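All remarks here apply to the structure that follows.
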There are 2 protein chains.
Amino acid sequence: MENVALQNLVSSGHVSDPESPRGRLLLKAARLFREKGYERTTVRDLAAAVGIQSGSIFHHFRTKEDILKAVMQETIQLITARMQAAVDIERDPVAQLRALVRCELESVNGETGEAMAVLVYEWRSLSPDNRAEILVMRDHYEGLWLSALEGVKAAGKLETQPSVARRLLTGALSWTSTWYRPDGRMTLDDLTEQVMLMLKLA
Amino acid sequence: MENVALQNLVSSGHVSDPESPRGRLLLKAARLFREKGYERTTVRDLAAAVGIQSGSIFHHFRTKEDILKAVMQETIQLITARMQAAVDIERDPVAQLRALVRCELESVNGETGEAMAVLVYEWRSLSPDNRAEILVMRDHYEGLWLSALEGVKAAGKLETQPSVARRLLTGALSWTSTWYRPDGRMTLDDLTEQVMLMLKLA
DNA sequence: TTACAAACCAAGCGCTTGCTTGGTAGTGTC
DNA sequence: GACACTACCAAGCAAGCGCTTGGTTTGTAA
């Protein structure tokens, strides 16, 4: 199911094939940007990670910043598609919210985790123009969250303002990447449950 | 009251006088590191911000990284003292928790906000040794949170594990610096209230 | 076999970076 | 009035940075 979503995005050209040189470079870039930060990562690091010369990078991307932008764009495309699919399955607002929490935790801590962290924490390294472009894409994603939260509020199960609740959750969930270990005792389902318990919505 | 805490720390040598060249440099450094990130901030930027030559920086600090470290150390000292004072006033666990939330929100979004953001988001730029040093200082700070949360749990008003709750709150609260505007409609008390509402502890 | 584009190499340019060096002005102390 | 100390300047070095250039290999399809 996840692969189908990915394949659709690949064949529609929104996300590059992870087998292609470009796709492989983006995967390595996400990991390095996450580990060392965008600024501390040099094009020589990137080139070494995929086994080419530093100059050859610029056959695939115009500038180093374009690599960062591409990582962010493709990540947003992927997780928005995932999120949409997750929310479409459920009808009950609380169940929708749980699905979103679970899905975002998976995005943050799963395979796309490195890229997600880059998306969240490296936006300062983008030029204003590029930043604006990414923000537009994020709006759709955030829309999914807001309508779910408004549903929960309408059901009388949320006291916080939906927009504030979303922002508090954004921080709480994305921060998990700094402490949560997927290979530890706590599963992603456990973690999801803890979040819902915090909201007293379990 | 706040100034007394600051003065104590200054006279004990734990925090440098904001009037001194060193102190002024640290203030500007915190702002620049926050705005542009540590890596994107050059020693020439720092020097220009306090009106001296770039080389003169190294009369006050051995390396650029030492500046980052000092910003973090002094910030931790300051907010721990504040936090301790806030928690000492209250007896009821929920009231203690509210005080901590309020205090951390103030640290994140008030005068020390820039330095706090640096503390939270720029630790990757520290060498492993320096990182370890900062982590030790953070443990005491986190201890205050944990005992308060355990108190709330013992009172039957918290279902999440205290350690998990703290981490979720860390993310939620520190993330406010990216979206909350102290000069907007919502006051810090309002924001504190929204957080407590999210936890259904208002 | 030829044609051609995609993928890459080897070399290095121009610039910025953190940091060093040797020296100077101002201030307080005995 | 000699000494010491803090705070700074002016100049620049060595290393590393993003990126360019001209040319070579490799895969594909006519």
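Chain A is the first sequence line, chain B the second, and so forth, proteins listed ahead of strands; every chain is numbered from 1. What you see is a predicted model; the values in this text were computed from it and never measured.
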Quiz item: A:R40 CZ to D:dG16 P: how many Å, rounded?
Solution: 14 Å
Quiz item: In whole Å, what is the span from the CG atom of A:D45 to the P atom of D:dG16?
Solution: 12 Å
Practice problem: Report the residue (A:T63 or B:S56) whose heavy-atom-nearest nucleotide on DNA chain D is the more 5′ of the two. | Solution: B:S56
Exercise. Count the heavy atoms of every other residue, nucleotide or ligand shown that sit under 6.0 Å from NZ of B:K153, and state whether that count exceeds 12.
Key: yes
Quiz item: Roughly how many Å is it from CG in B:D66 to P in C:dC19, rounded to a whole number?
Solution: 9 Å
Quiz item: Is a side-chain donor-acceptor pair under 3.5 Å present for B:T192 with B:D189?
Solution: no
Self-check item: Nucleotide of D:dG18, D:dC19, C:dC8 approaching A:T42 most closely (side-chain heavy atoms)
Solution: D:dG18
Practice problem: Would you kindly check whether a donor in the side chain of A:R44 faces an acceptor in the base of D:dG18, or vice versa, at under 3.5 angstrom? | Solution: yes
Quiz prompt | Nearest-nucleotide pick for A:H60, side chain only, options being D:dC9, D:dA7, C:dC8 | solution = C:dC8
Exercise. Write down the distance between CD (A:Q53) and P (C:dA10), rounded to a whole number of angstrom.
Key: 5 Å
Quiz item: A:S107 pairs by side chain to side chain contact (heavy atoms under 4.5 Å, CB included) with which of A:I79, A:L173, A:T80?
Solution: A:I79
Exercise. Just call it for B:S20: base, sugar-phosphate, or nothing, with non-hydrogen atoms closer than 4.0 Å on any strand.
Key: nothing
Practice problem: Please state how far atom NZ in B:K64 lies from atom P in C:dT17, giving the value in whole angstrom units. | Solution: 9 Å
Practice problem: Whole angstrom is fine here: how far is it from CD1 in B:I52 over to P in C:dA25? | Solution: 18 Å
Quiz item: Tell me: CZ of A:F58 to P of D:dG18, nearest whole Å?
Solution: 7 Å
Quiz item: Nearest-Å distance, CG (B:L25) to P (D:dA7)?
Solution: 12 Å
Quiz item: Among D:dG18, C:dG18, C:dC8, which nucleotide sits nearest the side chain of B:V43?
Solution: C:dG18
Practice problem: Could you tell me whether B:E133 and B:K69 make a salt bridge, using a distance below 4.0 angstrom between a side-chain N and a carboxylate O? | Solution: yes
Quiz item: To the side chain of A:P21, which of C:dC9, C:dC8, C:dG18 is closest?
Solution: C:dC8
Quiz item: What nucleotide, of C:dC8, D:dC19, C:dC9, holds the atom closest to the side chain of A:H59?
Solution: C:dC8
Quiz item: Taking 4.0 angstrom as the limit, do A:R124 and B:E35 come out as a salt bridge?
Solution: no
